[in-house]
Trainee: 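Below you'll find the structure I mean.
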Amino acid sequence: MTALSLRDLPSVDKLLRSHAAAEMIASYGRPLTLAALRRTLDEIRTQAEHLSALPSREEILQRAAEYLSVWSRPTLYPVINATGVIVHTNLGRAPLSAETLKAVQAVGQGYSNLEYDMRRGKRGSRLLHAERLLRRLTGAEAAVVVNNNASAVMLVLSALARRRRVLISRTQLVEIGGGFRVPEVMKQSGAKLVEVGTTNRVHLDDYRQAIAEQPIALVLVAHRSNFDLVGFTAEPSVEEIAAVTREAGLPLAYDLGSGALLDTALFGLRHEPTVQEALQEGADLVCFSGDKLLGGPQAGIVVGRADLVAKLKKHPLARAVRADKMALAALSATLLHYLKNEALEKVPVWRMIATAPEMLSARVQGWIAALGEGRAVEGRSAVGGGSLPGETLPTTLLALDVPHPDRFLARLRGCNPPIVGRVQDGAAVFDPRTVLPEQEGAFLVGLENALRGG
Ligand SMILES: *Cc1c(COP(=O)(O)O)cnc(C)c1O
């Protein structure tokens, strides 16, 4: 039984003449507004037999406005990271410095000399941007920047060892997360994997023997990044492996993962190998990420011997995995902070690592005063980003004793901007270390609303 006459539905044309539609067109443009009105009317037609009355004109317009709002909402937006995990891969890894953002804006909003040699007035190469800074900072002969570290490793293997054998220790056949598995990347690159040693122990003689037994193109060392080898274990140092590869005339590539330029041990953390050390220890090529401990944009960086880097630059895959202008601008600006010896103050990742414990507890006290509730409790912040597994920094957390912490956190994730916290000992907790100062106002408003909301 269809008591409703669909003929009574207003036409799109009629709806378009309304004041509300004019406002929608002003905000979203005519084609999208039309699509939203049509979608709304179609929806009413298909549901008509289940309706007791047709929606009013105002209701129809309201529904169309909701479609427009949902359709135009960005799927990628800022969030407030109160988890205390500094390099949080799911939350976008490294926040960028103000100077870095300025460089991105300057290059992104107009034209640039991305691939143009201004002096000669001719085509230039994007591969030279950031290279001089990287050479100066790491002491390497040459450098190349690509899209991310996974593609950097892929490029190294493809350019230096395709259809040839690459030696790697079984202790390093790791999965980094997000699908980066060293053995699979090696297979994809066309290199043939030669495993040496056992899962827990590998010796220098394992390397020597494998090199003596067959033709090898490259030896790869992969930093374990996200787990520890403990117990009955053994592994030669990079320096020792480098002595063997040098004697055999083989290149040694080191996938360092995080790529710190500064020493994490200065902040009570375990020492994470730096890029400079990796080169000094004898690695011919070192690959690392731009957005982990370097604190810059997503990028993959390879530094090392000029002859090997030249091969990488010439390989066709280099074109497929090249870095874009905004990443190159951001990387250069971030590297400049290191060159000027101001990374600890300017690069957010390092500023967070270096934040003094008193500062953190003072911030939490300020939050408690502003909210009129909460407790300050001891906690630990993590470096994250697949570096320093299990290593944490002491911090002070804001703890809120709410009846259902999980539900409370879910409500906070619905805020604008969303707030991401965690549960510890039955309380909802928030680490000031990763809450950016400029987000603090929104953070407190979000918490307050969620608390008042029941
Ligand atoms: C993180 C990591 C990668 C992947 O780097 P992306 O920049 O995420 O592509 C590769 N190798 C190691 C050892 C890592 O830690």
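In each ligand, atom 1 is the first atom listed, and ligand 1 is the first ligand listed.
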Trainee: Ser289 heavy atoms, cut-off 4.0 Å: which ligand 1 atoms fall inside?
Mentor: 5 (O), 6 (P), 7 (O)
Trainee: Can you check whether Phe180 has an N/O within less than 3.5 Å of an N/O in ligand 1?
Mentor: no
Trainee: Which ligand 1 atoms, with their elements, are less than 4.0 angstrom from a heavy-atom of Lys292?
Mentor: 1 (C), 2 (C), 3 (C), 14 (C), 15 (O)
Trainee: If we only consider heavy atoms of Asp255, is any one of them less than 4.0 Å away from an atom in ligand 1?
Mentor: yes
Trainee: Which atoms of ligand 1 have any heavy atom of His223 under 4.0 Å away?
Mentor: 13 (C)
Trainee: Could you point out which residue of Glu175, Glu235, Glu272 forms a salt bridge (Lys or Arg N to Asp or Glu O under 4.0 Å) with Arg224?
Mentor: Glu235
Trainee: Name all pairs fulfilling the salt bridge (charged side-chain N to carboxylate O under 4.0 Å, His left out) condition that reach into residues 84-100, sequence neighbours left out, sorted by first residue then second.
Mentor: Arg93-Asp291, Glu99-Lys346
Trainee: So, Trp71 versus Tyr28, ring centres under 6.0 angstrom or not?
Mentor: no
Trainee: Can you check whether Ser258 has an N/O within less than 3.5 Å of an N/O in ligand 1?
Mentor: no
Trainee: Below 4.0 Å from any atom of ligand 1, is there a heavy atom belonging to Arg93?
Mentor: yes
Trainee: Is the contact between Arg224 and ligand 1 made by the side chain, the backbone, both, or neither, using heavy atoms and a 4.0 Å cut-off?
Mentor: neither
Trainee: Parallel, tilted or perpendicular: which one describes the rings of Phe430 and Phe408, with boundaries at 30° and 60°?
Mentor: perpendicular
Trainee: Would you check if the side chain of Ser361 reaches a backbone N or O of Glu358 as a donor-acceptor pair within less than 3.5 Å?
Mentor: yes
Trainee: Between Glu440 and Trp367, is any side-chain donor less than 3.5 angstrom from a side-chain acceptor?
Mentor: yes
